[in-house]
Amino acid sequence: MASTQVITGPDDMSNFSIGIIGLGDMGKMYARRLSDNGWRVNACDREERYNGLKEDFAHNKQINILPNGHLVSRMSDYIIYNVEAASIDKVVATYGPSTKQNAIVGGQTSCKAPEIAAFEKYLPADVDIISCHSLHGPAVDPHNQPLVIIKHRASDSSFEKVKKVLSCLGSTHVYLSAAQHDRITADTQAVTHAAFLSMGKAWHANAQFPWELARYVGGIENVKINLTLRIYSQKWHVYAGLAILNPYAKEQIRQYAQSVTDLYKLMLGGHEKEFRERVIGAGKKVFGNQPFDGELLLKDEILDRFSLGKKPETPMPNNHLSLLAMVDCWSCLNIVPYDHMICSTPLFRLWLGVTEYLFRKPALLDDVCRIAIEDNTFRSDDLEFTFAARGWSDAVSFGDFEGWKDRFVSTQKFFEPRFPDATKVGNEMMKTILENMKK
Ligand SMILES: NC(=O)C1=CN([C@@H]2O[C@H](COP(=O)(O)OP(=O)(O)OC[C@H]3O[C@@H](n4cnc5c(N)ncnc54)[C@H](OP(=O)(O)O)[C@@H]3O)[C@@H](O)[C@H]2O)C=CC1
Ligand SMILES: O=C(O)C(=O)Cc1ccc(O)cc1
């Protein structure tokens with residue numbers, strides 16, 4: 001169920017205060033937006049950051065910086081944990097027992113199973129549990145973006161209060177259970193990131209800045225490059241947490257790696273008939289059997305606009321293994337990606353946009369299948385991509401945070417000098433494409 005709302009809920013909230021534990025990128029965004037809308041916010045990060053944060057927020061009288069989560073928990077009516085997903089158990093174990101009587105507690109981590117487990121384990125029984133998750137990064141305007149709200153253990157009156165507080169973000173409320181949330185975000189987030197993480201790893205393995213090669217510039221390639229760099233420019237723990245801790249994500253990411261491997265083997269063996277049947281069959285299952293006469297989510301002129309490199313006269317063709325495998329993966333898992341639009345991140349909408357772009361244009365898809373079989377030029381890139389997809393899947397399956405981090409950070413370093421340009425172009429691209437998708 002989804003709705004964008006301005007909520008007039010309970011009136012008895014004049015003394016109501018919000019607590020925020022964890023003042024990183026998302027915690028700060030919440031603190032600023034809630035306090036700008038008149039809410040009193042008590043907030044903290046790690047104790048050693050107390051003095052620095054006090055200075056940073058000295059100008060904002062609505063935000064009361066405190067030394068630690070005990071103090072925030074003691075004096076706030078609705079406490080939101082905004083810490084790393086992997087730390088949630090430890091942090092709630094520490095501060096949870098200090099929660100004010102009859103308060104409401106929630107988390108804003110990207111994966112709800114460990115968060116809810118920690119709340120159930122450590123919070124006093126009189127405390128209500130209502131979690132949330134903003135489905136966008138800290139630099140994106142929350143307006144009209146999906147905001148999942150999870151009424152896990154709470155009275156209707158507490159639920160109304162939380163909805164009222166969060167309504168000032170202007171997001172579209174989506175009401176789900178914790179398990180529904182994790183199931184959907186495994187599809188929309190974890191597996192989408194696996195594709196981009198694998199592209200980055202493959203380019204790194206071949207020591208390529210893809211926008212410097214004719215093959216990679218223009219059209220769909222711009223979206224792939226800009227989004228890959230966008231992910232690698234962020235904090236590793238966000239992506240590790242939502243993949244490794246989500247109970248549903250392992251299966252999706254494993255299937256993505258399997259789809260990449262299966263298609264790559266068919267390409268290597270030159271099994272054109274089988275390859276086409278598999279790709280086209282998957283496309284029919286995901287995008288329907290009928291010729292498409294609707295409007296595509298993405299358009300050429302927009303796709304071409306955002307390039308980090310110069311568009312060559314004749315761009316080299318590409319077999320788009322990453323996209324073919326995505327649709328194969330959805331098909332194998334019986335996922336209809338459009339069903340998840342209510343709970344989608346900007347990144348997922350763009351990713352679905354480019355897959356749709358390829359699969360709804362039969363001539364383009366036909367050409368891509370031909371290139372996949374006939375053209376050997378990209379075999380080494382595709383081999384690296386296949387290795388990368390399997391490597392990410394193994395790291396997630398083994399629950400290997402350290403291995404995952406090493407894989408991420410080494411490639412992050414490779415792309416780092418290019419982040420300033422990539423962020424600028426990537427932000428513009430996201431904004432323009434997403435605005436156009438709305439029309
Ligand atoms: N970034 C994004 O795009 C989104 C992130 N999320 C989720 O939001 C949560 C926060 O993410 P984000 O803000 O990006 O991450 P950050 O790393 O920027 O922020 C987390 C903050 O919590 C602090 N912290 C850790 N332990 C404690 C503690 N015991 N007491 C107080 N503060 C503590 C961290 O300190 P330290 O760094 O020293 O550990 C850090 O400053 C994550 O669970 C993430 O999955 C949700 C939506 C979008
Ligand atoms: O759009 C994406 O998938 C992002 O990369 C930003 C992001 C990261 C973590 C979240 O929990 C929600 C959004």
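When a ligand or atom number is given, it counts from 1 through the structure's own listing order. Below, each value reflects all heavy atoms present in this structure, side chains not excepted, and no hydrogens, waters or symmetry copies.
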Among all protein non-hydrogen atoms, which one is nearest to [atom], and what is the separation to 0.1 Å?
| atom | answer |
| --- | --- |
| atom 39 (O) of ligand 1 | Glu84 OE2, 2.6 Å |
| atom 33 (C) of ligand 1 | Val83 CG1, 3.8 Å |
| atom 10 (C) of ligand 1 | Asn82 O, 3.4 Å |
| atom 5 (C) of ligand 1 | Met26 CG, 3.5 Å |
| atom 47 (C) of ligand 1 | Ser134 O, 3.3 Å |
| atom 19 (O) of ligand 1 | Gly24 CA, 3.2 Å |
| atom 6 (N) of ligand 1 | Ser110 OG, 3.5 Å |
| atom 48 (C) of ligand 1 | His136 O, 3.2 Å |

For [X], counting its heavy atoms only, list the atoms of ligand 1 lying under 4.0 Å from any of them.
| X | result |
| --- | --- |
| Gly22 | 22 (O), 32 (N) |
| His237 | 15 (O), 16 (P), 17 (O) |
| Gly137 | 3 (O) |
| Lys235 | 16 (P), 17 (O), 18 (O) |
| His133 | 46 (C), 47 (C) |

All heavy atoms of Pro417 vs all of Pro420, minimum pair found to be O-CD, 3.7 Å
| task | Determine whether the aromatic ring centres of Phe159 and Tyr175 lie less than 6.0 Å apart. | result | yes
- Would Phe119 and Tyr81 count as a close aromatic pair, with their ring centres under 6.0 Å? yes
Within the side chain of [X], is there an N or O that forms a donor-acceptor pair under 3.5 Å with the backbone of [Y]?
| X | Y | result |
| --- | --- | --- |
| Arg153 | Glu120 | no |
| Asp182 | Ala113 | yes |
| Asn68 | Leu71 | yes |

Of all the heavy atoms in [X], does at least one lie under 4.0 Å from an atom in ligand 1?
| X | answer |
| --- | --- |
| Ala85 | yes |
| Lys90 | no |
| Val91 | yes |
| Arg49 | yes |

query: Is the NZ or CZ atom of Arg418 positioned over Phe209's six-membered ring, under 6.0 angstrom from the centre and within 45° of the axis?
result: yes
- Query: Centre of Phe57's six-membered ring, under 6.0 Å away, within 45 degrees of the axis: is that where NZ or CZ of Lys28 sits?
  - Reply: no
- Query: Is any N or O atom of Arg46, backbone or side chain, closer than 3.5 Å to an N or O atom of ligand 1?
  - Reply: yes
* Do ligand 1 and Thr109 have nitrogen or oxygen atoms that lie under 3.5 Å from each other? -> no
*Do Ile20 and Gln108 come within less than 4.5 Å of each other through their side chains, counting heavy atoms only?*
no
Exercise for the section: Please assess Ile231 against His193 for the test side chain to side chain contact (heavy atoms under 4.5 Å, CB included), listing each intermediate value before the final yes or no. Expected result: CA-CA 8 Å; Ile231 288 180; His193 298 154; 3.8 Å; yes
At under 4.0 Å between heavy atoms, what of Asp45 touches ligand 1? The answer is both
Atom 2 (C) of ligand 1: of Pro138, Gly107, Ala43, Ala240, the nearest heavy atom sits on Pro138
For the pair [X] and [Y], find out whether any cationic side-chain nitrogen is under 4.0 Å from an anionic carboxylate oxygen.
| X | Y | result |
| --- | --- | --- |
| Arg278 | Asp262 | yes |
| Glu221 | Lys224 | yes |
| Glu115 | Lys112 | yes |

Pocket residues around ligand 2 (non-hydrogen, under 4.0 Å) come out as Ser110, His133, Ser134, His136, Gly137, Gln189, His193, Val238, Tyr239, Leu242, Thr345, Leu347
Which of Tyr239, Trp351, Tyr256 passes ring pair (Phe, Tyr, Trp, His ring centres under 6.0 Å) with Phe196? Answer is Trp351
- For Tyr232 and Phe414, what are the C-alpha separation, side-chain angles and deciding distance, and is it a side chain to side chain contact (heavy atoms under 4.5 Å, CB included)? CA-CA 10 Å; Tyr232 277 104; Phe414 174 71; over 6 Å; no
Lys151 meets the salt bridge (charged side-chain N to carboxylate O under 4.0 Å, His left out) criterion, sequence neighbours left out, with Asp156
